[in-house]
There are 2 protein chains.
Amino acid sequence: MPDPATNLPEAVTVDDTALRAYFGYRMKRCFNAIQADLAQALKPFELRMLTFTALALVVENPGLRQSQLAEAMDVERPNLVTVVEELVRRDLITRDRVPTDRRAYSLEATAAGKRLFADAAAAVEAHEKTLLAGLDPQLRAGAIEAMHHIEKGRQRG
Amino acid sequence: MPDPATNLPEAVTVDDTALRAYFGYRMKRCFNAIQADLAQALKPFELRMLTFTALALVVENPGLRQSQLAEAMDVERPNLVTVVEELVRRDLITRDRVPTDRRAYSLEATAAGKRLFADAAAAVEAHEKTLLAGLDPQLRAGAIEAMHHIEKGRQRG
DNA sequence: TATTGTTATACTCTATAACTATA
DNA sequence: TATAGTTATAGAGTATAACAATA
């Protein structure tokens, strides 16, 4: 039954026709949903998306420097300091001076770090499987391709 | 030439194989890029993505209540207070008590609000056109469909 | 009791400027 | 001079708890 004052149904059915077509709008809503879900999936490991991503890249790239990590993660260097600190404090990665360049630090995952990453990665994969359940694999691949394309295009322009 | 200390090339070519496949990772990077770009496109109108979205929904749904707006935007009610305040202060929307429910407020766009929205929407459309240039229209539609599917699926689960 | 909007508050992510120590 | 990492700081987005007014 519509509310006579607003002429809108009591149940919320808001018209977002003008926004639906916007890629950015759709993306924001979807990303918020994923982000919130993923945070839950990572909670048992006391990881956030940011720390999980950093750990993944260090595991996969032993000897990585912080500046390289920052560039790979597409965040500014200062924002990585606390992330690296946290992973070091938890003995998930080590952080040693590079002998040939004493300004730089070399990051490496510890055995514990590799173990935690493996477990967390499995949880993330399970989460994504649930998240993307019922989604045509071709649609999924297409979406990933589209997002990659947009990201690359922006770097050029 | 590889750095002998890290055994990594000096030029940053970090391996993110383990992350590439993650929808969330790809999405985060892409969304960050879009968000930063869109903020630039909206700057001339002194709008952010959040205020633009709110304005769009009010223009399209005259008489909307704040709680409906919050639900439509998928944010918690408290986070909308300053957004609505800002739009009211700039005379882009009005905010009147609902006679039949004196707890609620009814939001409506002013003539100036509608004008600004039309102009901003044109800028956003131009921005998206640039952003998605070179992207197969079918890929774009597929990506939007995938994102919508994921968002809806999360609400169910 | 429940709901609308509000206040207060806190946490996360992000960015910029300026510093240090090295190169 | 330039670069790696740091500190300090600020801004935006988000969430929760508790409140007043009203239903």
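Here is how names work: the chains are called A, B, and so on, in the same order as the sequence lines, proteins then strands, and each is numbered from 1. What you are looking at is a predicted structure, and each value in this text was computed from that prediction instead of being measured.
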Flag, side chain of A:Glu145 to backbone of B:Leu139, donor-acceptor distance under 3.5 Å: no
Worksheet item: Is a donor on one side and an acceptor on the other found under 3.5 Å between the side chain of B:Asn61 and the backbone of A:Asp15?
Response: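 Side chain of B:Asn61 to backbone of A:Asp15: a pair is present.
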Expressed in angstrom and rounded to an integer, what is the separation of [X] atom [atom1] from [N] atom [atom2]?
X	N	atom1	atom2	value
A:Met49	D:dG13	CE	C1'	16 Å
A:Leu64	D:dA4	CG	P	12 Å
B:Arg48	D:dG11	CZ	P	13 Å
B:Met73	D:dG13	CE	P	9 Å
A:Leu80	C:dA15	CG	P	12 Å
B:Arg97	D:dA20	CZ	P	16 Å
A:Asp96	D:dG5	CG	C1'	15 Å
A:Glu85	D:dT7	CD	C1'	11 Å

For a quick test of reading the model: is some side-chain N or O of [X] closer than 4.0 Å to OP1 or OP2 of [N]?
X	N	value
A:Asn32	D:dG13	no
B:Gln66	C:dT6	yes
B:Lys28	C:dT12	no
A:Gln68	D:dA4	no
A:Ser67	D:dT3	no
A:Arg77	C:dT16	no

Taken to the nearest 0.5 Å, the spacing of A:Arg29 CZ from B:Asp74 CG works out to 5.0 Å
Q. NA contact type, A:Leu50, heavy-atom cut-off 4.0 Å: base, sugar-phosphate, or nothing?
A. sugar-phosphate
Next on the checklist: Heavy-atom nearest nucleotide on DNA chain C for A:Pro78 versus A:Arg103: which residue maps closer to 5'?
Outcome noted: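 The residue closer to the strand's 5' end, by nearest nucleotide, is A:Pro78.
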Notebook entry, point to check: Mapping A:Asn79 and B:Arg95 onto DNA chain C by nearest heavy atom, which one lands closer to the 5' end?
Noted result: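 Looking at the nearest nucleotide for each, B:Arg95 comes out on the 5' side.
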| query | Is there a path from B:Val83 to A:Leu19 through hydrophobic residues (I, L, V, M, F, W, Y) whose side chains come within less than 4.5 Å of each other? | reply | yes
**Request:** Select one nucleotide: of D:dG5, D:dT16, C:dG5, the one nearest the side-chain heavy atoms of B:Glu76.
**Result:**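 Among D:dG5, D:dT16, C:dG5, the one nearest the side chain of B:Glu76 is D:dT16.
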Taking C:dT6, C:dT4, C:dA23 as options, the one with an atom nearest any side-chain atom of B:Val81 is C:dT6
Report, as yes or no, whether the 6.0 Å neighbourhood of atom CD on B:Glu46 holds more than 12 heavy atoms from other residues, nucleotides or ligands.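 No, not enclosed.
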